[in-house]
Amino acid sequence: MTKPIHVTSEIGKLDVVMLKRPGAEVENFTPEMMPRLLFDDIPYLPIAQKEHDNFADTLRANGAEVLYLENLVVEALDAGGPAVKTAFLDKMLTESGYAAGIIHRELEDYLLSMTTTEMVIKLMAGVRKNELDFVPRDLVSAAEEQDYPFYLDPMPNLYFTRDPAASLGDGLSINHMTFPARQRESFFMETIINYHPRFADQGLHVWRDRDQPGRIEGGDELVLSDTVIAIGVSERTSAGAIEDIARRLFERKSGFEKVLAIRIPHNHAMMHLDTVFTMINHDQFTVHPGILGEGGQIDTWTITEDQTGDLHVNHHSDLKQVLKDVLGLAEIDLIPTGGGDPLIADREQWNDGSNTLAIAPGVVVTYNRNYVSNQVLREHGLKVLEVLSSELSRGRGGPRCMSMPLVREDL
Ligand SMILES: NC(=[NH2+])NCCC[C@H](N)C(=O)O
C-alpha cells in the first residue's frame, strides 16, 4: 500500500499534491511591510485566485488529486476535537508573540467564537487591531507598536506550500524556517500530520521536525532519486541543518544514502535551490546560468555515511559531472534559463523561469510569462504546460514553489 506521503523522485507522475489557494493574506499588508513579508508587490487577489485555479485545474487535468492546505488544517482540527483546537490556537498565539496576558485572552476569545474554518482562514489572513473592540494597555502596544495595524500578521507566503515541509520518501521534513514572516507556516503542516485522519497514524516518518535549531526550507530540498537528495546551501537553508537531516535520514534507514549539498548565492531572487535548478526528466535539469562559474563550476559536496556511522563529506565543483556520478548516468542535459542569454536569463529567473514543476518525466508546468525559457524547454524535447502568471509571480515563486507533492508514482 502506498503511504499517504510517498515521494521518491522529482519527476515521477504526480498523483497527490497540496496547494494553498491565495486568500486575503496576499493583500492584507502595506507596501512598507513588503520586504519583511518577503513580497515584492501586492497581488490583485481576484486575478491571483483565477491564476491559481488555472494552475490547480492544469494539475487535475493531468491526473493529480489536489488537496488544499486550508481544508486539511480545518479537517485536522475538527478530527482532533475541541482540546486540540484550543491547544493549536494557544501555540499559534504564542508563536505570534502572545504567550500570555490580556491580548492572548482577547484573541483567543475572538478566534474561538468562530467556526474552525473561519478561525483558520483568519489566522492565515491576519488579525487587525481594529477588529477587536478593546484598547490594549500592555507595554508592547503602548511603548512600541502604537501605530502597527496588526495583532497577528498575515501569512502571504502560504501559497508557496513547497517550503514549510518537504516530502522525502515515506515521510517528510517539517521545517524550521528562516524568517519570522514564515516560521508559523510549518505549524499547519505539523497539525495535519498529527491529527488529519488521512495522515495521522499511517506510519509516516517525520525525519526532522520544526523544533530543530538549524534552518531548512522545502524549496531547497530536491529528491533526485530514491537514494539521493539534493539540498541547497542558501539564504534559507544552513549547512548545519543539511548535515543534521542527512544524519537522520541515514540513521533511520529512510532509503536515502547520499545528500548532495549545492551552494547557491544567498539573495532574495535566488532564495532557494529550486529558483535556479530543478530536475525535469530522468537526465534533464533546468539551471540558471547565473549560478555557474567558468566551465559550469559550482561548489557542491556529497555527504554519505562511513562504516563508523560518521558523515563523510566530499567536495566537487563540476555540477554536470557530480550529477552524472550520483545518478549513474552517462550524459545529462542542463538546460539554461532564458536560453543562456544573460539578460533574458536574469529577467525570467526573477519571475521563476527556472522554477519548473515536473508532473511526469519530461512533462513540466511553467509560468506562461517565461516564454523564452519555455521555448528552450520545448526545443529540448519537454512537454511544457503553461499556466497564467501575472499576479502569482509577485510573491517570487513559481509552479514548483506553489506545490507540495504528497504522492508521486515510483519511477
Ligand atoms: N520554493 C520556493 N522557491 N519558494 C519561493 C518562496 C517565495 C517567498 N516569497 C519567500 O521568500 O519565502
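Model, not experiment: these values are computed from the prediction. All ligand and atom numbering here is 1-based and tracks the order in the structure.
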Does a donor on one side chain and an acceptor on the other come within less than 3.5 Å for Glu386 and Thr366?
-> no
Side chain to side chain donor-acceptor pair (under 3.5 Å) against Thr302, all qualifying residues, sequence neighbours excluded =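 His316.
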Asp57 meets the salt bridge (charged side-chain N to carboxylate O under 4.0 Å, His left out) criterion, sequence neighbours left out, with Arg60
Non-neighbouring partners of Asp153 that pass salt bridge (charged side-chain N to carboxylate O under 4.0 Å, His left out), sequence neighbours left out = Arg36
Please walk me through it: do Arg208 and Glu221 pass salt bridge (Lys or Arg N to Asp or Glu O under 4.0 Å)?
-> CA-CA 13 Å; Arg208 186 175 195 277; Glu221 304 174 73; over 6 Å; no
Under a strict 4.0 Å criterion on non-hydrogen atoms, which protein residues are in contact with ligand 1?
-> Leu38, Asn157, Phe160, Arg162, Asp163, Arg182, Gly219, Arg236, Met271, His272, Asp274, Thr275, Gly395, Arg396, Cys401
What do you reckon, are the aromatic ring centroids of Tyr195 and Phe88 less than 6.0 Å apart?
-> no
